[in-house]
Amino acid sequence: MRSVRRVPGAVLVLAGALSPWASVVLPGGAYPDLATLHLFDAPHLVTGFRLHLVLLGLAALLPRAARPAGAGVLIIAFVHTAFLAALGAVSFGGPVALAGGALLVWQGRREPAPRWPLPGRAVVWPALAAAFAGLLWLVSATLTAGGQSRATNPHGGAEFLAFLGFAVALLGILSAYGVLAWLSALAERHRTFSVAVLLGCAMLLPLTGAGTGYWMTVASTIGVYAATAIGLNIVVGLAGLLDLGYVAFLGIGAFTAANLAHTVPFPVAALAGAVAAGLLGVVVGAPTLRVRGDYLAIVTLAFGEIFFRAAQNDLGGLTGGANSIPGIPPITLFGQAFDRPVGALPAGFLYYALTVLMVAGAMAVLANLKHSRTGRAWLAISADEDVARAMGVHTGRAKILAFLVGATLAGLAGAVFAHKLGTVGYESFDFSESVTLLAAVILGGMGTVPGAVVGASLLFVLPEKLREFSDYRLMLFGLALILIMRLRPKGLVSS
């Protein structure tokens, strides 16, 4: 009986996908998939967002899949219908698909996901390899959805948001069937193999559709901020210390490496940046022995603002002030500059590979610390500092150590950041950057190993892709964050 209830919604979704969408040929050309009244000569040859609607309509016939499939349909249909309406074109397939998606969400039932038994190694390794290959495809498809600019694709913004709707539905269906939980348990049990395969898949990203100089530059920037967010995750996620001036440590590492770039090799400059940031992390951590909560946030906010104003005024001639520090040479290895192509690989690949290794190292540090005696002390302080002290935890030393480790990781990331950009200015380290990093940690999942990476990727990919919507970009970005926090209050990757 339940399967019969799902049929009307699925039929409406399929009808909407196979119907024309735009009533006119738009100035920028026919709407994606030639889905207009003028060019609707092959209704069954669907691609793009209409193919996604067909797949979700068929998936909605399966048990447990109606609600996530309907949610994906609603996102896809709403985005394209609203986009066409803004361009003055009437949509025919849009309202039909919207009705089908709403019917699926209304009639679908939320049921507990089944628990799958963990298989032997002969099945685990191929399953994990296939899962990470699928993740690689999803990342590449997300980056390339809608193209790179409005000049090449006037409908790119709508296509990107619609693809996100399809990705949300796909992950929701896999979660409803317990597949994501099963894969997570497999990866946790076979952690070494999972890390090796995940690292290999990350290195294969340049061989996909995202393997362009533009996306390598974006991906390496995400890597820098992801490594920085992992350090902040130690301070905020594990130790529970609210730091509102954390981006200052990124700046300290960047300015230190920039001043040493012409005199010492990059490894030495990077090490100096990490050490300088770590030492200042201890200086900032010392006042936390007597303050906590909102007062701690004020102390760290003051430190971030002091650093920003000092860099702006070129204190000691170390930051360049309004002129920044230009002319930082790129990293070189055996005569190969990191900002140049490597054979058939695009320019920026070496920076991307370096940031992947840096993020992997930062994740290894976080994972080992989380399960160590120090990590358990941080978690105890985060839960209740007074109880932790009563149980024998040296809270002062543990909190200073959290600032030291987090600041050191940020300083290392700052050194890479300086060489990658070729110039460093104070405007890159204002308060808004600290808020963005904190949002990345919270959205990704506080205290989780991959959470900071997921959060940083989301916060830096979404604004980049939503440039197509110009004035509405920040509103859409904020709406996406609200929805994520409403649906996943513990973060995208909850502990």
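Quick note: residue numbers are just sequence positions, from 1.
Of the candidates Leu437, Val441, Thr300, Val435, Leu437 is the only one forming a side chain to side chain contact (heavy atoms under 4.5 Å, CB included) with Tyr246.
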Are Val46 and Leu18 close enough, and set up right, to give a side-chain contact (heavy atoms from CB on, under 4.5 Å), and what steps lead you there? CA-CA 8 Å; Val46 291; Leu18 299 177; 3.8 Å; yes

Please determine whether side-chain contact (heavy atoms from CB on, under 4.5 Å) holds for the pair Leu58 and Leu14, giving the CA-CA distance in whole Å, both sets of side-chain angles, and the decisive distance to 0.1 Å. CA-CA 8 Å; Leu58 295 175; Leu14 293 174; 4.1 Å; yes

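For the atom pair OH (Tyr352) and NZ (Lys420), the distance works out to 13.5 Å, reported to the nearest 0.5 Å. The OG1 atom of Thr217 sits 11.0 Å away from the CD1 atom of Ile222 when rounded to the nearest 0.5 Å. Here Leu241 contributes atom CG and Ile234 contributes atom CD1; the two are 11.5 Å apart, rounded to the nearest 0.5 Å. One distance of note links CZ of Arg50 with CG of Leu53; it measures 9.0 Å at 0.5 Å rounding. To the nearest 0.5 angstrom, Asp339 atom CG is 5.5 Å from Tyr351 atom OH. For the atom pair Phe49 CZ and Leu56 CG, the distance stands at 12.5 Å (nearest 0.5 Å).
A donor-acceptor pair under 3.5 Å is absent between the side-chain atoms of Thr228 and the main chain of Ala410, judged by distance alone. With hydrogens and angles ignored, the 3.5 Å screen pairs no side-chain donor or acceptor of Ser184 with any backbone N or O of Leu180. No side-chain donor-acceptor contact under 3.5 Å links Thr81 to the backbone of Phe78. In this structure, the side chain of Trp182 does not engage the main chain of Pro114 through any donor-acceptor pair within 3.5 Å. Although no hydrogens or angles enter the test, the distance criterion places a donor-acceptor pair under 3.5 Å between the side chain of Ser434 and the main chain of Val247. Trp21 places a side-chain N or O within donor-acceptor distance of the main-chain N or O of Gly16, the cut-off being under 3.5 Å. Using modelled atom types, one side-chain atom of Ser220 and one backbone atom of Met216 make a donor-acceptor pair closer than 3.5 Å. Remark: the backbone N or O of Ile325 is paired with a side-chain donor or acceptor of Thr423 at under 3.5 angstrom.
Of all heavy-atom pairs between Ala440 and Ala456, the closest is CB-N, 3.6 Å. In terms of heavy atoms, Val359 sits closest to Ala226 at CG2-CB, 4.2 Å. Heavy atoms only, all atoms of each residue included: Val224 and Met358 are closest at CA-CE, 4.1 Å. Minimum heavy-atom separation, Trp137 to Leu170: CZ3-CD2, 4.5 Å. In this structure, Leu250 and Ala413 approach most closely via the heavy-atom pair CD1-C, 3.8 Å. Closest of all the heavy-atom pairs between Leu12 and Gly100 is CB-CA, 3.6 Å.
The shortest side-chain heavy-atom distance between Val424 and Phe429 falls under the 4.5 Å cut-off. Within the 4.5 Å cutoff, the side chain of Tyr214 has no heavy atoms near those of the Pro346 side chain. Under the 4.5 Å side-chain criterion, counting only non-hydrogen atoms from C-beta, Ser324 is in contact with Glu427. Looking at heavy atoms from C-beta onward, Leu333 lies out of side-chain contact with Leu350 at the 4.5 angstrom threshold.
Considering only residues two or more places apart in sequence or on other chains, Ser175 meets the side-chain hydrogen bond (donor to acceptor under 3.5 Å, both in side chains) condition with none of them. Listed by chain and residue number, Leu138, Phe160, Phe163, Leu164 satisfy the side-chain contact (heavy atoms from CB on, under 4.5 Å) test with Thr142 (two or more places apart in sequence, or in another chain).
Below 30°, between 30° and 60°, or above 60°: for Phe166 and His52 the angle between ring planes is below 30°, a parallel geometry.
Not less than 6.0 angstrom separates the ring centroid of Phe338 from the ring centroid of His419. Between Phe308 and Tyr426, the distance separating the two ring centers is shorter than 6.0 angstrom.
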